[in-house]
Amino acid sequence: GFWDIGMFKDLAFAILFAFNVFFIIVKAITSISELNDAASNGKFNDYDNSSNTNTNSNTNTNTVESEVAVDANGLKAAAAGVVFCTLFALFITLSVFLIVLMKYSEELIRGTIWVSIITWSVFGTLFLLGGSLLMSIIFYVLAGITYWWLGVAQHRIAFASSVLKTAVFAIKQNQLGLVSSTCLIQMIQVIYLFFWTSAALGIFYHMDPNHDTSLNGADGADGTDGTAIVHESRSRSNEDTDDYNTSELDGKQTFIFLGLMFQLYWGCEVCKNIISSTVSGTIACFYFTPQRTKPVQGALFRSLTTSFGSICLGSMIVATLEVLRTVCNLVRNSVGGRRNGNNRERRGSGEMYLLCIVCVVDCFLRVLEDVIRYFNRYAFSYQAAYGTNFLTSGKRVYNLFSRRGWTAIINDNLIRNTLSVISFVIGITTALFAITVNSTWQIALDAAAPTGAVFGIGFIIGLMIGILITNIIDSAVVSVF
């Protein structure tokens, strides 16, 4: 491992990630202070329209106040509706759907495949009736491939069902702790995103060509008004606005941008993998030491301490690949923008070859990223169960795949498709519940929202809860396998 000290594995990457978080927090605090000072000094005001704004401010005061007036009962009803929908989604997911998964897992897996076959066939028929022969053929081919897949995976459905039942049973024994710890890590991720956004805003503010730290809205050294200096500076800079918008970032700006994206990707990956490691550690405790008390708390503690370095290392690999894909997107957008410019006809075929190469590299990186993500799921599960470092876990997972071949991939495909359908059904069920609540409040409180908006919000809430729970199940399935 990379600097294993006792039970702490890959400690070097844990320390590196800690420095990364420390830098983001410090930069965010200084950025918030700088942006507040800039706002208080009037740097963000539009001076060209300030006179018109001041002239019309008194005239529009009553109109604005009437537009922003909100019914208090409506706000209370909306807030209560969101709470009720969230609680309802949690209830049906943790009670009804988990029980259904345990009792009818094999039927659900097989039924999910048949739903896909029927869906492709229906779309193919609709396009055929609409006169689109090509699209009809494509959907019929997809239906045929899915039917072929059902025949190939038929003998694996029973095994996948057993794995899914075991994973769901283990989750039901620790469902409160797993859901609570998952929500806790999600909240930490939101806080991380807040600090990252604040730091990025401060950095982008300094990268703005119109920004001048010497112009702080105070009076100039020659006695002129500082606001006038800022206005004059902006007027001069606006002459070259088009050139700036179409120009490429220089080397320093590109490096800073990619560094920020790496920090964003790394932090999000770490939070996601902490949840996966916690679930895997809980399932391992359930299997090896079922008499142990508070297994979720212990698994979460190990994910944040002894296994944290390994989680940071695996997450850094994925984040690096995502940054490389970002570079490909920057190059593609830059070359594509030049080709669409006024001097397009003066460009040779070299840029077209460059675009093709970038697309091929981007496709390769995406495939590689998906493979490593898939591999990391098992590596994190292994290190959570046995306490090994990331490299050792990776080697043992590789040996596992060498012995089992395509078994794990077939098993995951069958189960993950079923979990995706379950998440969608939870979203639809929650949306219907939201419409029912909305109709009830329309009668009782006379404070109802549009049905379409209520359905959409309810579906999103249910889908998010469903994805949260099914991700826990997916991590548990990996651990059981």
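For the single chain, residues carry numbers from 1 onward in sequence order.
Judged purely by distance below 3.5 Å, without hydrogens or angles, the side chains of Ser479 and Ser381 pair a donor atom with an acceptor atom. For the residue pair Asn329 and Arg332, a side-chain donor N or O sits within less than 3.5 Å of a side-chain acceptor on the partner. Side-chain atoms of Ser315 and Asn273 form a donor-acceptor pair, as typed in the model, at a separation below 3.5 Å. In summary, the side chains of Thr388 and Ser393 do present a donor paired with an acceptor at a separation below 3.5 Å, with no hydrogens or angles considered. For the residue pair Ser423/Thr470, the side-chain donor-acceptor check at 3.5 Å is satisfied.
Here the rule is ring pair (Phe, Tyr, Trp, His ring centres under 6.0 Å) with Phe17, and of Phe308, Phe23, Phe22 only Phe308 fits it.
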Q) side chain to side chain contact (heavy atoms under 4.5 Å, CB included) between Cys328 and Arg366: does it pass, once the steps are laid out? A) CA-CA 11 Å; Cys328 291; Arg366 181 165 187 170; over 6 Å; no
Q | Worked check of side chain to side chain contact (heavy atoms under 4.5 Å, CB included) between Leu264 and Cys268 | A | CA-CA 6 Å; Leu264 174 64; Cys268 293; 4.1 Å; yes
(Q) Under the criterion side chain to side chain contact (heavy atoms under 4.5 Å, CB included), I'd like the reasoning laid out for Phe375 against Ile317: C-alpha separation, chi angles, the key distance, then a yes or no. (A) CA-CA 12 Å; Phe375 187 81; Ile317 296 174; over 6 Å; no
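For Ile473 against Ile171, the heavy-atom pair with the smallest separation is CA-CD1, 3.4 Å. Nearest heavy atoms, Val115 versus Thr119: O-OG1, 2.7 Å. Scanning all heavy atoms of the two residues, the minimum distance from Ala431 to Phe459 falls at CB-N, 3.6 Å. The shortest heavy-atom contact between Ile274 and Ser303 is O-OG, 4.0 Å. Here the closest non-hydrogen pair linking Gln263 and Tyr192 is O-OH, 2.6 Å. Nearest heavy-atom pair, Leu260 versus Trp196, reported as atom, atom and distance to 0.1 Å: O-NE1, 2.8 Å.
Annotation: side chain of Ile185 is in contact with side chain of Ile188 (closest heavy-atom distance under 4.5 Å). Counting heavy atoms from C-beta outward, Arg377 and Arg373 have side chains that stay 4.5 Å or more apart. Residues Ile422 and Thr112 fail the side-chain proximity criterion, which asks for heavy atoms closer than 4.5 Å. No side-chain heavy atom of Val478 sits under 4.5 Å from any side-chain heavy atom of Phe380. Between Met316 and Phe262, the closest side-chain pair of non-hydrogen atoms falls below 4.5 Å. Within the 4.5 Å cutoff, no side-chain heavy atoms of Asn471 are placed close to those of Ile275. Using a 4.5 Å cut-off on side-chain heavy atoms (C-beta onward), Tyr382 and Thr392 make no contact. The shortest side-chain heavy-atom distance between Phe433 and Thr429 does not fall under the 4.5 Å cut-off.
Environment of CE in Met261: crowded, with over 12 heavy atoms of neighbouring residues, nucleotides or ligands closer than 6.0 Å. Sparse packing is recorded around CZ of Phe424, with 12 or fewer heavy atoms of other residues, nucleotides or ligands lying under 6.0 Å away.
Applying the salt bridge (charged side-chain N to carboxylate O under 4.0 Å, His left out) test to residues at least two apart or on different chains, none of the pairs has a partner in residues 388-397.
In this view, Asp362 and Arg325 satisfy the side chain to side chain donor-acceptor pair (under 3.5 Å) rule, not counting sequence neighbours.
Within the model, atoms OG1 of Thr326 and CZ of Phe257 stand 6.5 Å from one another, a figure rounded to the nearest 0.5 Å. Atom CD1 of Ile465 is separated from atom CD1 of Ile426 by 9.0 Å, given to the nearest 0.5 angstrom. Note that CZ of Phe13 and CZ of Phe390 are 9.5 Å apart. Values are rounded to the nearest 0.5 Å. Rounding to the nearest 0.5 Å gives a distance of 10.5 Å between OG of Ser198 and CG of Leu193. Separating the CD1 atom in Ile311 from the CG atom in Leu304 is a distance of 7.5 Å, to the nearest 0.5 Å. One distance of note links CG of Asp474 with CD1 of Ile467; it measures 12.0 Å at 0.5 Å rounding.
Panel note: side chain Thr30, backbone Val26; a donor-acceptor pair is recorded below 3.5 Å. Not one N or O on the side chain of Asn174 forms a donor-acceptor pair closer than 3.5 Å with the backbone of Gly177.
Contact check on Lys272 versus Glu269 returns a salt bridge, with a Lys/Arg side-chain nitrogen under 4.0 Å from an Asp/Glu carboxylate oxygen.
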